[in-house]
Each structure stands twice: as structure tokens, then as C-alpha cells.
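What follows is a single structure, written as C-alpha cells, with notes after it.
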Amino acid sequence: MGRLIYGFNVSVDGYIADAQGSIDWSEPSDELHQYWNDFERETALSFYGRRLYELMAAYWPTADQEPDATPLIVDFARIWRNMPKVVFSRTLDSVDWNSRLERADPVAVVSKLKAETDGNLEIAGATLAAPVVQAGLVDEYRIVLVPIAVGGGTPFFPTLPSWISLRLLENRTFPCGTVLLRYEAQRD
């Protein structure tokens, strides 16, 4: 059985995107970029919603071919292309780069694939994660607090049916002032 991880760069006021949908404020430092590269390298399967998949697919498939691509960019582009991905969408006709398209209920699909997959699974995107978080399927939360308040937008956590008790696994401060908080969901 896999371990489902939901992680994202989050403003100190709890948002993964600002009110205009921008994540430009969360540009990672080299140290944080390396952290995310290492995390993705250890991910057996990633779940994407349409919007985040389209954002990633617009850049990462060829990012390593850019003349000014840094080693971190080259590394992440290769990781991203090769990582197995399940993309949930009712509007996309097809997906590429080691991805498969899924139209079924995310909670059912994530439950099934979590049971069938060994290793770490990642759920990427707050909209897709919301019903999965609400269903209690997330084993670990990786909240990367960016030292900025955006004042509104897309929250990291959805409205919850009840409390989620968490146990701190790790905290780490990056030189840029960004703080990683890793929490394990406590089950009854």
C-alpha cells in the first residue's frame, strides 16, 4: 500500500495561489528547488488536476532544452517527464509525458491506486486534493510556508468535515526564510 502525500508551497496565510490564481510569489530558492526535486524523484505516482497539469505541461517537457536551463531545472524536467502521472479531467482529450487520463471520481481512483501502489504517491493541486483530504486518504502533509501573505485565493486545506489531528514529522528552515512542515495524519 502506498503512502499518499499532499504538499505544496503555501503563503503564511494559507493559500497555494493568490486571488488571481498566480503562484509566481512562490518561486523556490535553489535549496527548496532541490528539496522538491528529491521529493519528486522518490514519488512512485502523482495525481494531477487539469489546471496544474496544464501549467506543468506547458513548461517542464522541454525546460531542460532551454539554453539557460540550470542543473536544477534540467533535473526536474527529466524527473517530471518520467514520473507516472494520473490526470483528472472531464475536458482534456489526451495527456502526454507518462500520464494517463482519468475521468472517474478522484476519491475512488486514489483509494484504488493507493492500495495497489507501493511507495510514495503525491496529490498535486488543491482542487483535486480537496475531496481526497475530506475523505481522509492523505497520510502526510508537506506544507512549505513561503514568507508572504497573499490575502486570499485558493486555500491549501478545504473545508473539513471534522478536525484532522497531525503529528509533526519534520520542520526545516531554508536559507530564504521558507519553512518546511511535514505532518503525519493521525488515524483513530
Side-chain angles (χ1 to χ4, degrees), residues 1-10 15-24 26-28 33 35-66 69 72-144 153-161 185:
M1 174 176 258
R3 180 171 179 79
L4 184 60
I5 300 169
Y6 173 39
F8 227 97
N9 292 352
V10 181
Y15 299 97
I16 61 107
D18 67 19
Q20 289 72 45
S22 175
I23 61 171
D24 291 346
S26 66
E27 185 72 27
H33 206 301
Y35 168 80
W36 284 122
N37 285 17
D38 294 341
F39 169 73
E40 296 294 351
R41 192 181 336 279
E42 297 173 6
T43 300
L45 178 64
S46 189
F47 300 105
Y48 278 88
R50 179 194 52 83
R51 284 185 300 233
L52 186 56
Y53 173 78
E54 286 180 327
L55 180 72
M56 300 293 278
Y59 179 70
W60 289 110
T62 59
D64 57 335
Q65 298 167 21
E66 295 295 322
L72 287 167
I73 297 290
V74 170
D75 186 36
F76 190 84
R78 292 175 181 164
I79 294 166
W80 190 85
R81 278 194 310 263
N82 293 328
M83 181 184 4
K85 295 172 279 300
V86 175
V87 180
F88 291 86
S89 174
R90 290 186 178 89
T91 58
L92 291 175
D93 293 325
S94 65
V95 291
D96 293 312
W97 306 289
N98 205 17
S99 305
R100 77 175 173 110
L101 189 57
E102 185 61 63
R103 299 193 192 285
D105 173 53
V107 172
V109 172
V110 170
S111 294
K112 180 179 184 297
L113 291 174
K114 183 178 173 185
E116 296 174 357
T117 307
D118 290 327
N120 290 335
L121 294 88
E122 168 195 30
I123 190 153
T127 303
L128 175 62
V132 175
V133 168
Q134 291 166 333
L137 295 175
V138 175
D139 300 297
E140 183 180 325
Y141 296 89
R142 294 190 183 196
I143 301 167
V144 178
T154 306
F156 178 79
F157 280 104
T159 301
L160 300 172

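Heavy atoms only: backbone and side chains are in, while hydrogens, waters and symmetry mates are out. All of these numbers come straight from a predicted model, not from anything done at the bench.
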Looking at [atom1] of [X] and [atom2] of [Y], how far apart are the two atoms once the value is rounded to the nearest 0.5 Å?
X: Tyr141; Y: Leu4; atom1: OH; atom2: CG; value: 8.5 Å
X: Glu40; Y: Asn82; atom1: CD; atom2: CG; value: 12.5 Å
X: Thr127; Y: Arg50; atom1: OG1; atom2: CZ; value: 9.5 Å
X: Ile23; Y: Leu52; atom1: CD1; atom2: CG; value: 7.0 Å
X: Tyr53; Y: Ser99; atom1: OH; atom2: OG; value: 4.0 Å
X: Gln65; Y: Ile73; atom1: CD; atom2: CD1; value: 13.5 Å

Nearest non-hydrogen partners of [X] and [Y], listed with the distance:
X: Asp118; Y: Met1; answer: OD1-N, 3.4 Å
X: Ser46; Y: Tyr48; answer: OG-CE1, 3.2 Å
X: Thr62; Y: Arg81; answer: N-NH1, 4.5 Å
X: Arg103; Y: Thr91; answer: NH1-N, 3.8 Å
X: Ala126; Y: Pro155; answer: CB-O, 3.5 Å
X: Ala63; Y: Ala69; answer: O-CB, 3.4 Å

With a 4.5 Å heavy-atom cut-off, do [X] and [Y] have their side chains touching?
X: Val132; Y: Phe47; value: no
X: Phe157; Y: Ile143; value: yes
X: Val87; Y: Trp97; value: no
X: Phe88; Y: Val109; value: yes

Partner set under side-chain hydrogen bond (donor to acceptor under 3.5 Å, both in side chains) for Asn37, not counting sequence neighbours =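 side-chain hydrogen bond (donor to acceptor under 3.5 Å, both in side chains) check on Asn37 returns His33, Asp75.
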Could you pull out all residues at least two apart from Tyr6 that satisfy side-chain hydrogen bond (donor to acceptor under 3.5 Å, both in side chains)?
->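 In terms of side-chain hydrogen bond (donor to acceptor under 3.5 Å, both in side chains), with neighbours along the sequence ignored, Tyr6 is linked to no residue.
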Treating [X] as the side-chain partner and [Y] as the backbone partner, does any N or O pair qualify as donor plus acceptor under 3.5 Å?
X: Thr117; Y: Leu113; answer: yes
X: Lys85; Y: Trp80; answer: yes
X: Asn9; Y: Ser26; answer: yes
X: Gln134; Y: Thr159; answer: yes

How are the rings of Phe39 and Tyr35 set relative to one another: parallel (under 30°), tilted (30 to 60°) or perpendicular (over 60°)?
->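 Phe39 vs Tyr35 ring planes: parallel.
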Residues which pass side-chain contact (heavy atoms from CB on, under 4.5 Å) with Ala135, listed by chain and number, not counting sequence neighbours = Val107, Leu137
With Arg3, which of Val138, Asn120, Leu121 fulfils side chain to side chain contact (heavy atoms under 4.5 Å, CB included)?
-> Asn120
Is the CZ atom of Arg51 crowded by more than 12 outside heavy atoms at less than 6.0 Å?
-> no
